[in-house]
Amino acid sequence: MAKQFTKEDLSSFEKEIADIFAEGKIRAPVHLRAGREEQLIKIFEDEQIGDDDFVYGFWDAHELALLKGVPREEVKQSILDGNSIALCFPKYNVLCSGIVGSLMGTAVGTAWSLKNQNKPGRSFLFCGDMSSETGVFHEAVKYATHFDLPVKFIVSDNGLSVMTDTRETWGSSDPWFTGTRYAEKIIYFKYKNAYPHSGLGWKIKF
Ligand SMILES: Cc1ncc(C[n+]2csc(CCOP(=O)(O)OP(=O)(O)O)c2C)c(N)n1
């Protein structure tokens with residue numbers, strides 16, 4: 001994290017994007033998040049996520065790109081260009097995808113490679129609660145744990161998968177990894193998203 005971020009820095013960025021989106025000027029999906037700024041800032045600070053590290057995210061990665069050090073105007077321009085759902089800034093080691101479950105193996109593969117080539121840097125994969133219940137997430141955490149790879153999985157739990165209740169879906173009040181040895185590789189927190197899953201809640205939801 002190149003500069004010190006405040007909650008206001010992140011929330012005002014999302015608000016600016018929300019306003020532009022509301023004017024119909026972004027002709028692509030946009031996923032906005034509010035309510036987890038302090039947790040994300042703390043994680044980047046605690047983990048000292050820096051230039052050598054890789055950040056993997058999904059459709060909701062505006063805050064992650066900013067925290068990783070991508071300049072504000074670069075993030076904004078990419079969103080205006082229609083890339084919000086899969087922001088990628090290879091120069092800053094920020095790589096995202098709009099496909100659920102698609103980057104868990106990539107994050108682990110990066111960690112494997114860094115470790116075995118004795119290179120500095122770690123992988124950090126940020127995903128939602130439903131993504132963390134997928135089989136591929138479980139496999140990735142299992143592999144990373146058994147081979148002690150430099151990767152952490154950060155789960156931002158808003159309780160929902162679009163509009164579906166994650167805990168009700170899996171019949172458990174806790175994530176699968178709670179109380180297991182795999183929890184060591186995972187940073188988990190709950191939040192309530194002040195925005196709808198995607199867009200501003202009108203037209204379509206997906
Ligand atoms: C393979 C695949 N299936 C379905 C979708 C549609 N989809 C987009 S986000 C999402 C919900 C994921 O929930 P969660 O991981 O909890 O993310 P969050 O609520 O934090 O956005 C779904 C089902 C998708 N992008 N990719």
Side-chain angles (χ1 to χ4, degrees), residues 7 10-11 13-15 17-18 21 26-44 55-68 75 78-79 82-88 94-108 123-142 144 151-178 182-183 185-206:
K7 181 180 175 188
L10 298 182
S11 57
F13 182 85
E14 287 297 65
K15 174 78 171 64
I17 300 299
F21 185 77
I26 304 175
R27 304 187 67 76
V30 165
H31 293 70
L32 301 160
R33 295 290 178 267
R36 62 178 184 175
E37 297 87 352
E38 280 159 343
Q39 288 102 320
L40 290 180
I41 290 167
K42 186 172 182 330
I43 289 164
F44 271 76
V55 162
Y56 292 99
F58 291 91
W59 42 87
D60 58 331
H62 302 173
E63 301 150 294
L64 306 181
L66 293 172
L67 289 168
K68 183 64 168 65
V75 181
S78 191
I79 294 167
N83 300 320
S84 167
I85 198 167
L87 287 175
C88 283
V94 174
L95 299 157
C96 304
S97 157
I99 308 298
V100 172
S102 57
L103 292 174
M104 284 66 177
T106 316
V108 169
S123 272
F124 292 90
L125 179 126
F126 293 78
C127 71
D129 43 292
M130 186 59 98
S131 297
S132 78
E133 297 292 339
T134 60
V136 70
F137 180 92
H138 184 275
E139 287 173 9
V141 175
K142 181 170 64 174
V151 53
K152 279 200 178 156
F153 303 83
I154 297 93
V155 179
S156 307
D157 182 350
N158 60 17
L160 294 173
S161 169
V162 188
M163 289 178 287
T164 302
D165 186 303
T166 302
R167 299 295 149 229
E168 197 181 307
T169 301
W170 291 99
S172 167
S173 55
D174 297 306
W176 67 268
F177 47 81
T178 305
Y182 303 106
K185 283 274 179 222
I186 299 166
I187 298 170
Y188 169 81
F189 68 88
K190 285 188 179 179
Y191 78 108
K192 185 166 167 31
N193 185 17
Y195 289 106
H197 171 74
S198 67
L200 291 168
W202 33 267
K203 296 188 179 165
I204 52 165
K205 288 195 184 185
F206 69 101

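We count ligands from 1, going down the list as the structure has it; atoms in each ligand are counted the same way. Along the sequence shown, residues are numbered consecutively beginning with 1.
Heavy atoms of E133 found under 4.0 angstrom from ligand 1: none, in either backbone or side chain.
Ring pair F137/F177 is tilted by interplanar angle, where 30° to 60° counts as tilted. In this pair, Y182 and H138 present their aromatic rings tilted. The plane angle is within the 30 to 60° band.
K152 is linked by a side chain to side chain donor-acceptor pair (under 3.5 Å) to E47, counting only residues two or more places apart in sequence or in another chain. Legend: residues meeting side-chain contact (heavy atoms from CB on, under 4.5 Å) with S84, ordered by chain and number and at least two apart, are V30, H62, I79.
Two rings, from F126 and F44, have their centers less than 6.0 Å apart.
The NZ atom of K192 lies 12.5 Å from the CG atom of D157; values are rounded to the nearest 0.5 Å. To the nearest 0.5 Å, the span separating CD1 on I187 from CD on Q39 amounts to 12.0 Å. Within the model, atoms NZ of K142 and NZ of K185 stand 15.5 Å from one another, a figure rounded to the nearest 0.5 Å.
Each of the following atoms of ligand 1 lies closer than 4.0 Å to a heavy atom of N158: 18 (P), 19 (O), 20 (O). Residue-ligand proximity, H197 to ligand 1, at heavy-atom distances under 4.0 Å covers atoms 9 (S), 21 (O).
Comparing V100, V162, D60 against atom 3 (N) of ligand 1, the shortest heavy-atom distance belongs to V100. Across M130, M163, R36, R33, heavy-atom proximity to atom 16 (O) of ligand 1 is greatest for M130. For atom 11 (C) of ligand 1, the nearest non-hydrogen atom from the set S161, S198, S102, S132 comes from S161.
The shortest N/O to N/O separation between T166 and ligand 1 does not fall below 3.5 Å. Residue I99 has no N or O atom closer than 3.5 Å to an N or O atom of ligand 1. Inclusion of L160 in the set of residues having an N or O under 3.5 Å from an N or O of ligand 1 is warranted. Considering backbone and side-chain atoms together, D129 places an N or O closer than 3.5 Å to an N or O of ligand 1. Residue-to-ligand polar distances place W59 within reach of ligand 1: an N/O pair is separated by less than 3.5 Å. Below 3.5 Å of separation, one finds no N or O of S156 facing any N or O of ligand 1.
Look at H31 and you'll find every heavy atom at least 4.0 Å from all atoms of ligand 1. Under a 4.0 Å heavy-atom criterion, C127 is not in contact with ligand 1.
One N or O on the side chain of R33 and one on the backbone of H197 form a donor-acceptor pair closer than 3.5 Å.
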